[in-house]
Colleague: 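Below you will find the structure I want to go over with you.
Here is the naming used below: chain letters follow the sequence lines, and residue numbers restart at 1 for every chain.
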Amino acid sequence: MRIATWNVNSIRTRVDRVTDWLARADVDVLAMQETKCKDAQFPTMPFAALGYEIAHVGHNQWNGVAIASRVGLEDVQIGFDGAPSWQDIAEARAIGATCGGVRVWSLYVPNGRTLADPHYPYKLEWLAALRDAASSWTGPVALVGDWNIAPTDEDVWDPAVFEGSTHVSAPERAAFQAVIDAGYSDVVRPYTPGPGVYTYWDYTQLRFPKRQGMRIDFILGSADFAQRVTHAEIVREERKGKAPSDHAPVLVELT
DNA sequence: ATGCCTTCGAAACGAAGA
């Protein structure tokens with residue numbers, strides 16, 4: 001079984017690129033982030049034509065997460081228990097479903113904006129709540145998506161540029177590590193060693209051709225998931241060409 | 001080749017992204 005995650009940066013803009021890749025890459029389950037649409041606006045038809053069911057949650061033009069699966073889509077859950085709200089609104093940042101016997105969570109971790117912004121403590125609270133919820137989940141579980149954290153200095157193209165910014169702060173890195181300590185591991189890194197290996201490149205300033213990116217999209221697997229992984233890759237080819245997302249898909253293969 | 005930012009909704013710009 002092949003499972004992937006991709007911050008698509010608007011599914012309506014990107015649906016052709018996404019479905020083309022799904023078919024080409026023989027993906028069974030795709031978790032998407034930043035769909036940037038309401039449920040009724042999600043383009044389900046091109047996915048259905050390829051045999052994929054869709055679970056999606058989106059309330060407006062921001063955030064939005066989905067799972068496309070051609071191996072079943074059961075027990076869909078929108079949000080996880082204890083997730084904090086942002087300005088009294090429960091945002092569309094997490095959706096879970098069981099696909100082919102694997103519990104898949106598509107996650108879009110809050111950005112944080114700046115260290116002084118209220119969005120930053122919200123990000124940390126959101127991650128702590130995820131850790132708490134995920135601690136009780138059993139069996140093959142995959143926590144996948146855009147984590148908006150570069151866990152080490154090696155995961156940004158120039159640590160000096162990010163000094164004092166979100167994504168690299170010690171509390172964010174500790175919050176990421178806490179999820180790992182709860183029983184999850186990065187199943188992609190062993191197959192994609194650094195340095196200079198990224199999943200995101202800013203649209204501005206030729207960041208992609210200059211290979212100046214960040215590694216912020218992850219597939220974290222429970223022990224039961226991780227032991228089944230036989231291959232993983234970051235598909236940077238999908239960052240190329242006409243109208244790409246600013247993120248590349250990340251893919252794992254399981255026995 | 002990898003190419004100088006892109007998305008949305010509302011208004012013809014601004015917020016958000018990381």
Side-chain angles (χ1 to χ4, degrees), chain A residues 5-18 21 32-43 56-66 85-87 89 91-94 106-124 126-127 145-173 175-176 192 196-218 233-250:
Chain A
T5 184
W6 197 357
N7 179 321
V8 296
N9 186 16
S10 171
I11 190 57
R12 288 178 289 174
T13 294
R14 220 74 63 201
V15 62
D16 288 346
R17 276 196 73 129
V18 171
W21 180 72
M32 290 166 268
Q33 301 84 38
E34 282 208 270
T35 58
K36 290 187 170 176
C37 66
K38 301 176 185 180
D39 291 343
Q41 298 173 311
F42 192 100
H56 175 256
V57 58
H59 305 308
N60 50 39
Q61 71 268 43
W62 307 119
N63 316 309
V65 285
S85 295
W86 171 245
Q87 297 172 343
I89 293 167
E91 295 188 308
R93 294 185 176 275
S106 179
L107 306 170
Y108 179 47
V109 175
N111 175 291
R113 298 179 185 166
T114 70
L115 300 183
D117 195 291
H119 213 252
Y120 179 72
Y122 167 57
K123 178 179 193 173
L124 297 177
W126 196 96
L127 286 161
D146 178 356
W147 291 75
N148 272 323
I149 296 169
T152 74
D153 282 351
E154 197 175 83
D155 299 317
V156 296
W157 61 276
D158 182 358
V161 168
F162 293 90
E163 206 169 298
S165 298
T166 59
H167 295 64
V168 300
S169 74
E172 288 164 277
R173 287 175 169 174
F176 184 82
T192 61
V197 171
Y198 309 121
T199 65
Y200 161 88
W201 299 263
D202 197 290
Y203 284 127
T204 66
Q205 297 181 257
L206 292 171
R207 292 291 185 228
F208 182 63
K210 290 177 178 171
R211 297 179 176 268
Q212 298 175 336
M214 307 173 77
R215 191 172 72 103
I216 56 176
D217 300 270
F218 296 95
E233 60 186 288
I234 298 164
V235 190
R236 69 184 300 285
E237 284 295 310
E238 290 306 311
R239 181 64 178 76
K240 301 179 183 179
K242 187 169 183 278
S245 169
D246 41 5
H247 296 251
V250 182

Colleague: Once you apply a heavy-atom cut-off of 4.0 Å, does A/Tyr200 come out as touching a base, just sugar-phosphate, or nothing?
Modeller: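 A/Tyr200: backbone/sugar contact only, no base atoms under 4.0 Å.
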Colleague: Hey, is the side chain of A/Asn148 poking within less than 4.0 Å of OP1 or OP2 on B/dA18, counting only N and O atoms?
Modeller: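 So the side chain of A/Asn148 is within the cut-off, an N or O lying under 4.0 Å from OP1 or OP2 of B/dA18.
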Colleague: Roughly how many Å is it from NE2 in A/His247 to P in B/dA18, rounded to a whole number?
Modeller: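 So the NE2-P distance, A/His247 to B/dA18, works out to 5 Å.
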Colleague: More 5' along DNA chain B: A/Phe208 or A/Asn9, using each one's nearest nucleotide?
Modeller: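 Nearer the 5' end of the strand: A/Phe208.
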Colleague: Could you check A/Asn7 against A/Asn9 for side-chain contact (heavy atoms from CB on, under 4.5 Å), going step by step and ending with a plain yes or no?
Modeller: CA-CA 6 Å; A/Asn7 179 321; A/Asn9 186 16; 4.0 Å; yes
Colleague: For the residue pair A/Trp6 and A/His247, is the inter-centroid distance of their aromatic rings smaller than 6.0 Å?
Modeller: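 Aromatic pair excluded; centres sit 6.0 Å or further apart.
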Colleague: Would you call the rings of A/Phe42 and A/His56 parallel, tilted or perpendicular, taking 30° and 60° as the class edges?
Modeller: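 Ring orientation, 0 to 90° scale: tilted.
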Colleague: Could you tell me whether A/Arg14 sits above the aromatic face of A/Trp21, with NZ or CZ closer than 6.0 angstrom to the six-membered ring centre and within 45 degrees of the axis?
Modeller: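 Here A/Arg14 fails the 6.0 Å and 45° test against A/Trp21.
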Colleague: What nucleotide among B/dG9, B/dA18, B/dT6 has an atom nearest to a side-chain atom of A/Glu34?
Modeller: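 Of the candidates, B/dA18 comes closest.
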Colleague: Quick check on B/dG9: is either OP1 or OP2 less than 4.0 Å from any side-chain nitrogen or oxygen of A/Arg12?
Modeller: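 True: A/Arg12 side-chain N/O within range (under 4.0 Å) of B/dG9 OP1/OP2.
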Colleague: Between B/dG17 atom P and A/Asp146 atom CG, what is the distance in whole Å?
Modeller: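 It is 11 Å, rounded to the nearest whole Å.
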Colleague: Could you work out which one of B/dA16, B/dC8, B/dA18 sits closest to the side chain of A/Ser10?
Modeller: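 Selected nucleotide: B/dC8.
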Colleague: Figure out the NE2/P separation between A/His59 and B/dC8, and round it to whole Å.
Modeller: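 For the pair A/His59 NE2 and B/dC8 P, the rounded distance is 18 Å.
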Colleague: Whether A/His119 contacts B/dA18 is assessed here as follows: a side-chain N or O lying under 4.0 Å from the phosphate OP1 or OP2. Is that the case?
Modeller: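 No, outside the criterion.
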Colleague: Measure the distance from CZ on A/Arg14 to C1' on B/dC8 and round it to the nearest whole Å.
Modeller: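 Rounded to the whole Å, the gap is 12 Å.
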Colleague: Applying a 4.0 Å non-hydrogen cut-off, can you work out what A/Gln212 is touching in the nucleic acid: base, sugar-phosphate, or nothing?
Modeller: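 It contacts nothing in the nucleic acid.
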Colleague: side-chain contact (heavy atoms from CB on, under 4.5 Å) between A/Trp201 and A/Arg236: does it pass, once the steps are laid out?
Modeller: CA-CA 10 Å; A/Trp201 299 263; A/Arg236 69 184 300 285; 3.9 Å; yes
Colleague: Sticking with atom C1', work out how far B/dC4 lies from B/dA15, rounded to a whole angstrom.
Modeller: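 One C1' to the other, the span is 22 Å.
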Colleague: Is it the case that the side chains of A/Glu34 and A/Ser10 hold a donor-acceptor pair, with the cut-off being a distance below 3.5 Å and no angle test?
Modeller: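 No, no side-chain donor-acceptor contact under 3.5 Å.
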Colleague: Check this one for me: any side-chain N or O of A/Asn7 less than 4.0 Å away from OP1 or OP2 of B/dA18?
Modeller: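 Yes, within the criterion.
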Colleague: OP1 or OP2 of B/dG17 less than 4.0 angstrom from a side-chain nitrogen or oxygen of A/Arg113, does that happen here?
Modeller: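 So the side-chain polar atoms of A/Arg113 do come within 4.0 Å of the phosphate oxygens OP1 or OP2 of B/dG17, strictly under.
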Colleague: For A/Lys36 and B/dA15, give me the distance from atom NZ to atom P, rounded to whole Å.
Modeller: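 In whole Å, B/dA15 P lies 15 Å from A/Lys36 NZ.
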Colleague: Name the orientation of the base relative to the sugar in B/dA10: syn if the glycosidic angle is within 90° of 0, else anti.
Modeller: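 This nucleotide is in anti.
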Colleague: Please report, rounded to the nearest Å, how far the C1' atom of B/dC5 is from the NZ atom of A/Lys242.
Modeller: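 Taking NZ of A/Lys242 and C1' of B/dC5, I get 15 Å after rounding.
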Colleague: Just the rounded figure in Å: distance from P of B/dA15 to CG of A/Asn63.
Modeller: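 These atoms are roughly 17 Å apart.
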Colleague: Quick one: is A/Tyr108 getting a side-chain N or O under 4.0 Å of the B/dA18 phosphate, OP1 or OP2?
Modeller: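 For B/dA18, OP1 or OP2 has a side-chain N or O of A/Tyr108 closer than 4.0 Å.
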Colleague: Looking at B/dA18, I'd like to know if its phosphate oxygens (OP1 or OP2) sit under 4.0 Å from a side-chain N or O belonging to A/Asn111.
Modeller: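 Result: yes.
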Colleague: Whole angstrom is fine here: how far is it from CZ in A/Phe162 over to C1' in B/dG17?
Modeller: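 Atom CZ in A/Phe162 sits about 13 Å away from atom C1' in B/dG17.
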Colleague: Quick check on DNA chain B: between A/Arg239 and A/Asp202, whose nearest nucleotide comes earlier from the 5' end?
Modeller: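 Mapping each residue to its closest nucleotide by heavy atoms, the 5'-most match is A/Arg239.
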Colleague: Counting only side-chain nitrogens and oxygens, does A/Gln205 get under 4.0 Å of the OP1 or OP2 atom of B/dT6?
Modeller: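 So the side-chain polar atoms of A/Gln205 never come under 4.0 Å of the phosphate oxygens OP1 or OP2 of B/dT6.
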Colleague: Touch check for A/Trp201, heavy atoms < 4.0 angstrom, all strands: base, sugar-phosphate only, or nothing?
Modeller: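 Counting heavy atoms under 4.0 Å across all strands, no contact is made by A/Trp201.
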Colleague: When you measure from the side chain of A/Ser85 to the backbone N and O of A/Gln87, does any donor-acceptor pair fall under 3.5 Å?
Modeller: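 Absent.
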Colleague: For A/Gly241, answer base if it contacts any base atom (sugar-phosphate contacts may also be present), sugar-phosphate if it contacts only those atoms, and nothing otherwise; contact means non-hydrogen atoms under 4.0 Å.
Modeller: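 Touches sugar-phosphate only.
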Colleague: Within the pair A/Thr13 and B/dT6, is there a side-chain N or O less than 4.0 Å away from OP1 or OP2?
Modeller: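 No, A/Thr13 has no side-chain N/O under 4.0 Å of OP1/OP2 on B/dT6.
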Colleague: Look at the side chain of A/Ile216 and decide which nucleotide, out of B/dA18, B/dG9, B/dG17, has an atom nearest to it.
Modeller: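 Among the listed nucleotides, the one closest to the side chain of A/Ile216 is B/dA18.
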Colleague: Counting only side-chain nitrogens and oxygens, does A/Arg207 get under 4.0 Å of the OP1 or OP2 atom of B/dA18?
Modeller: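 No, because none of the side-chain N or O atoms of A/Arg207 sits under 4.0 Å from OP1 or OP2 of B/dA18.
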Colleague: Expressed in whole Å, how much space separates the P atoms belonging to B/dA10 and B/dT6?
Modeller: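 To the nearest whole Å, 23 Å.
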Colleague: When rounded to the nearest Å, what value does the distance between P atoms of B/dA16 and B/dA11 take?
Modeller: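 It comes out at 15 Å once rounded to the nearest Å.
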